[in-house]
Amino acid sequence: MGSPRIWRFATVMVGATVGLSACGSSSGGNNTTVPTQTGNITAGVIAPFTGPAAQFGKLLSAPCFAATDLINQAGGILGHQISCSAIDDTGDAADAVPNVTRAIATTTNLDMTVGLESNTAATTVPLVNAAKIPTITTNGLVAFTTNKLPYYWRLTPSDDANGAAFAVWAVQKGFKNVAVVFQNGIGSEGNLPGLQSAMPKLGGTLGLQLTIPADAASYSSEVARVIAAHPDALIWSADPQTTATFMSEYKQLNNGSLPAMVTATDSLTPDFFGALTHVVGVDYVTNNVYLVGSSFSQTTAAFATYKGALSADSKTSAIADVLSAVGPPASAYDGINILALAMVMAKTTIGSYYNQFVTQVVSPKSGAVVVSDYASGLAALKAGKQIQYVGVIGAVVFNKYHNAAGEFAANVFAADGSASRVGTISGSKVLGLL
Amino acid sequence: MAWEYYLVVMLVYLGTDLLAVWGLNLEFGVSGVANLAYIVVVAAGAYTFAICTLGPSSGNGGFQTYIGGFTLPFPLALLAGALAGAVVGTLIGVTGLKRLRQDYQAVAMLVVSLMVATVVSADTGFLNGSAGLALIPNPFADLDPEVARWAYVAVVAFCCLIGFLVLRRFTTGPIGRTLRAMRDDDTAASAAGKNVIGLRLVVQAVGGAFGGLSGALLAGFIGGWSPSAWVYIETLAFLSCVIVGGMGSDRGVSLGTLIIAVLLLQGVQFLPQISSSPGLSEDFGWIILGASTIIFIWFRPQGVLPERRPRYLGKSSSHSPG
Amino acid sequence: MQLIIEAIGFGIATGAVIALGAVGFSVQFGISNILNITYGSLMTLAAYVGLLLINHGVNAWLALVLGAVVVGVVSVVYHRALLAPLVRRGTRAIAMVIVTVSAGIILQYVIVSIAGPESHSYGEQSGSTLHLIGFTLSAGQVAIIVLTASLMLGLHLLLTRTTLGKAMRATSSNRTLARSCGISTDRVSDIAWLISGSLCGAAGVALAITTVSFDFSLGSLFLIPMIAAAVLGGIGQPYGAMLGGLIVGVSSEVAAAVSNPNYKDVVAFMILIIMLLVRPRGLFGAAWSTRRLMEG
Amino acid sequence: MSGDAGTVILDVDRLEKHYGGVHAVDGVSFTVERGSITGLIGPNGAGKSTALAVIGGYVSPTAGRIHFDGADITGYPMHARARVGLVRTFQMARVFGNLTTIENLLVAVPRQRGESAAGILAGKWFWRGEERQLVERARALLDTFGMSTKADDPARTLSGGQKRAVEIMRALMMKPKLLLLDEPMAGLSPSLSRQLEDMLIRLAGDGLSLLLVEHELDTVDRLCGKVVVMAQGRVLSEGRMAELRLSREVQDAYVIG
């Protein structure tokens, strides 16, 4: 449920006016022949900030604030300060197109973007690519597994790999007979194929597979069906409200007991934690809910810097703990650092020039200095050295489709809503199950 | 240039909005059929265009599943979109066959809108469920991107021109008069020998074709289409253009499409973006839209540019209807 | 089979909430001849009023009563200030639907901009499960069924045993005649809007209790099953709406138990559309209502 | 065709209309003769208006047949009846409020070239000639009713009497064979009423048949040849008004009703 179509038109109108004046007054722009620009750099966070998926906007803004804080403390990029700008894709492609084109037209020096979630990536990715803006995305669309767009870079696994990771974790915990309950739309399209492929290979069975509508008034009958299947665990994917309603009814109709739940790290949000603890109690949520997804080590220097920056910024400190365990925001953080270092290497902030340096920032090279944050990377480059950026999500190797992904991990909530990691799953094992 | 692409987006959205508003005006403003399921015909056009231009569903590695996949050329796919709008519009019109109070019919259509959206979202094999369809091919992908953009604008402009000419054939002259008579009092129109049910179905088919074409053009431009793009309240946005602009007046509703935009534009300029809740201005968009609809129904039901009736001069003079 | 029996039990629980809302909707239509689509958003308002009270330490059932009162009063004001004047100006029924849809959207987005788009909850439900004659019901579900039954009984007594109730029924079936019999129809209509608005409010809070977790779209999602129930029972007829609510509730839950749960709302949609096309006066509608539903 | 049907233009045969358990029309039979003015009278709730609604096609009958001009029209929808020449007016005059007075007349003509698929496709040249003729006919009719000055006014701005005149002119534009009038005098001033009476008598003289439901018995007396009296959904009696006035049955029905 985005904005009225006509409203989109209005925002486009405003944008056009502003865009015209901006073009008249500044010599900047992304496509000028002079490979320099004046003024601050803007990092766009393209994500839903309204509508049912609005939580993703919040989750992806935070790493942008953290990364840009650190970059600015290190003196900015080539003398430019950098700031974040929220670009609302509303989760709906028809709304996203004008919003994103408006942002491209009206945002001064929009030199990089992060985000572009699965709902709208198929339509927004081509827009930023056409504008020659290098982009680190966090979507899981299978379609981009063989991406050919030059300005597109992905640091997260595709959705089917996530599904396989669910299966690995469930079987590892001894949940051989699982019931799959996916909310219509979320997960059912993306995660299910990987899950279906992996579960039998691991010796487990998918008992009941149920797709439920979002935000219904009652799920009693659906719950009764799941109870009748006697699952060891639920493989789950649904929004906080749907989850709360379903699990509350489950508990009431199952004499107060609930099976374990394996769900995606997408649900490592205060909303999900709050909604669920509110209705089934904190004990269950902290002991029996596993959140599986792309992950990273929390003992590295890069992580310490990331966590420190999240905690230091008043805009992000409240969710710093939760974010510490979630893959996509960390990918966005790393992505901004990678693009910033590519700008330094290219000696320009213009996308069409610095894009080719992205692989050089992360690729392993003999004699290169391994750096874990922007400041040390900048110092090494100033010293005339080669660098390899190894960030929060670890070493990154882009394949020819500009895709890269690291390991997976399972997390649990702590009583205060923060997350802690309880196990890891190697990326190669997951990919082998697809 | 970025702003130039922006202008292109603006023009394409204006064009597709105009087509949809004209179609709804023919149904509601001229003929009195409050089609609260209008957005469904737009969706029908968009989906049909998508499955006509896309290749078979099996060819993309399970990324999305859908029926059809005909790889038709662009103009044929546009026509198919318009045709789908006409067919779906006629089917929606079936809810009007029973001689019910008009508010009942409106509610029945509202329910149709919700039901179709629920079914399409729930069935992943039909039109890829709530994820919707993406990667709809751009017809001018082979051209230089800047030329391709303006080529699309030209296509939209051409469709609007043809659309307006077709629209005038229905809203002026004896048929326009008959439809307006049906709107003012459909019982009396029946008593005057007008086949009200038949006329309604025709109007729903023609209005549906407008909506279908609008949806097809939009889907072709943005390259994607999903259930979140056609929730039932989108119809209200079009309805608001009709009511504010002037029910039954072709020029009025065209102006209404602009006025709503200008009104909201003023609103957004005075609303600073609050960083803690960036969605607020979007919410205000709906509030302003609803409020302007009610305000016009209360204070100026005839709209900004009311429908004008032709004068039939004396015996020797001819007249100019419209 | 056991699953279907259980589903019937859940359907009765869902149906109880639907009935609560449908009766109020039906009373409003009966007295004013307006299809008030804003009703759904008013239910949402009640749920948020209840949330505010519960967050301030008020007991859930007291919050239900207070939420009902608040929405009852809001409904009277809404009718007096917007709907009645528009009707007096001769606004056509079709435009009235557009007005009530618009007002519903305004209210819904006002709620969003104040309370935010996140989901909310009244809190953990007591976990005891009751098993009766093959049904498995939670304590909350049983409480709502009892609540609905007693409110319906109260309404029945009001309509049949009091002068006010008789005046309401008279106004509902023939306003002009009622006025000529010396009934103050304006006052009766105010009271009817107060009562129906209160039922709307009670239904809103009850829905928030049973749904456990809700957001601003709570009432608008629930509106169609309610209208379906009201139409099924013969719109304008409170008793029909009660039974209609149970039929819609049970058939939706049984559908969810035996088929793809995503289609369960479609059951209510289909019931409504089929009834409108085939038998608009409802299963129990009287002859006069047929004439009322036709144009002219 | 009209020759075969003899002098009877409308034959209503054992018509019934039930609403639930209520028999609003309960086995009504009567005929209307060509070129006559027939009255349908009865107390409140006698079922006259329902009978007229069934004959006009607004309401479908529970049982019984209706023959018009030699054809069985029982299953015809309202607009089809209008097209074969059976035209009705309404108790409360119904005009197309946003159309002008003259448009109200023009729109009534059935099967206009400009309404046809060919007319929409081909455009103005296809229907311009017919339209010009219709405008002339409409102007002539407006002159007859003394409403030429109101031709371009929106019909919603007209007075009640003028609206009724528009309704009758609209009916006449359709060149009807039988006109069903539901209380045509209601709400008219006495002088307007008399004018309308004269007009109706003149129309009947020109060969138009009329069936009218009327409350005012004096009007019925002046206008109608044959009168059908209904009470409680049945035909009580029929004949000339002068005879019926003397009938005990009829008197009782009116007193009780």
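First the proteins, then the strands, lettered A, B, ... as listed; each starts at 1.
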>> Applying salt bridge (Lys or Arg N to Asp or Glu O under 4.0 Å) to B:Asp186 and B:Arg200, what does each step give before you reach the verdict?
In response: CA-CA 10 Å; B:Asp186 55 357; B:Arg200 274 209 186 120; 2.7 Å; yes
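- Between B:Ser121 and the choices B:Ser130, B:Ser226, B:Ser228, the side chain to side chain contact (heavy atoms under 4.5 Å, CB included) rule is met once, by B:Ser130.
- For the pairing with B:Trp230, the side chain to side chain contact (heavy atoms under 4.5 Å, CB included) check across B:Val42, B:Thr235, B:Val116 returns one residue only, B:Val116.
- Interface remark: C:Ala103 contributes backbone and side-chain atoms alike to the contact with chain B (heavy atom separation under 4.5 Å).
- Contacts between residues 270-278 of chain C and chain B, defined by a heavy-atom separation under 4.5 Å, are made by C:Met270, C:Leu272, C:Ile273, C:Leu276, C:Leu277, C:Val278.
- Using a 4.5 Å cut-off between heavy atoms, C:Leu107 makes no contact with chain B at all.
- The CZ atom of C:Phe269 sits 10.5 Å away from the CD1 atom of C:Ile227 when rounded to the nearest 0.5 Å.
- The environment of C:Arg89 atom CZ is dense: over 12 non-hydrogen atoms of other residues, nucleotides or ligands sit within 6.0 angstrom.
- The contact between C:Val99 and chain B is made by backbone and side chain atoms together, counting heavy-atom distances below 4.5 Å.
- Aromatic ring orientation, C:Phe214 versus C:His120: tilted (interplanar angle from 30° to 60°).
- When each of B:Asp185, B:Thr293, B:Ile297 is scored by its heavy-atom pairs under 4.5 Å with chain C, the top score falls to B:Ile297.
- By number of non-hydrogen pairs under 4.5 angstrom with chain C, the leading residue of B:Val107, B:Val119, B:Val111, B:Asp123 is B:Val111.
- At distances below 3.5 Å, not a single donor-acceptor pair connects side-chain atoms of B:Arg177 with backbone N or O atoms of B:Thr171.
- Without hydrogens or angle criteria, C:Tyr39 side chain to C:Gly21 main chain gives a donor-acceptor distance under 3.5 Å.
- Between chain B and the options C:Val110, C:Leu35, C:Asp265, the largest number of non-hydrogen pairs under 4.5 Å is found for C:Leu35.
- Taking the six-membered ring where tryptophan is involved, the planes of C:Trp193 and C:Tyr78 are perpendicular, since the angle between them exceeds 60° and thus also 30°.
- Heavy-atom distances place the side chain of B:Leu239, and not its backbone, under 4.5 Å from chain C.
- In this structure, chain C has heavy atoms under 4.5 Å from both the backbone and the side chain of B:Ala108.
- With chain C as partner, the option from B:Gly32, B:Ala122, B:Ala291 having the largest number of non-hydrogen pairs under 4.5 angstrom is B:Ala122.
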>> side-chain hydrogen bond (donor to acceptor under 3.5 Å, both in side chains) for C:Ser196 and C:Gln28? Distances and angles first, verdict last.
In response: CA-CA 6 Å; C:Ser196 60; C:Gln28 272 180 13; 3.2 Å; yes
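- Chosen from C:Ile34, C:Ile98, C:Val231, the residue pairing most often with chain B at heavy-atom distances under 4.5 Å is C:Ile98.
- With chain B as the partner, the residue from C:Val97, C:Thr91, C:Ile37 showing the most heavy-atom pairs under 4.5 Å is C:Val97.
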>> Before you tell me yes or no, could you show the steps for B:Glu27 and B:Arg183 under salt bridge (Lys or Arg N to Asp or Glu O under 4.0 Å), namely the whole-Å CA-CA distance, both residues' side-chain angles and the distance that decides it to 0.1 Å?
In response: CA-CA 9 Å; B:Glu27 293 184 10; B:Arg183 170 197 64 193; over 6 Å; no
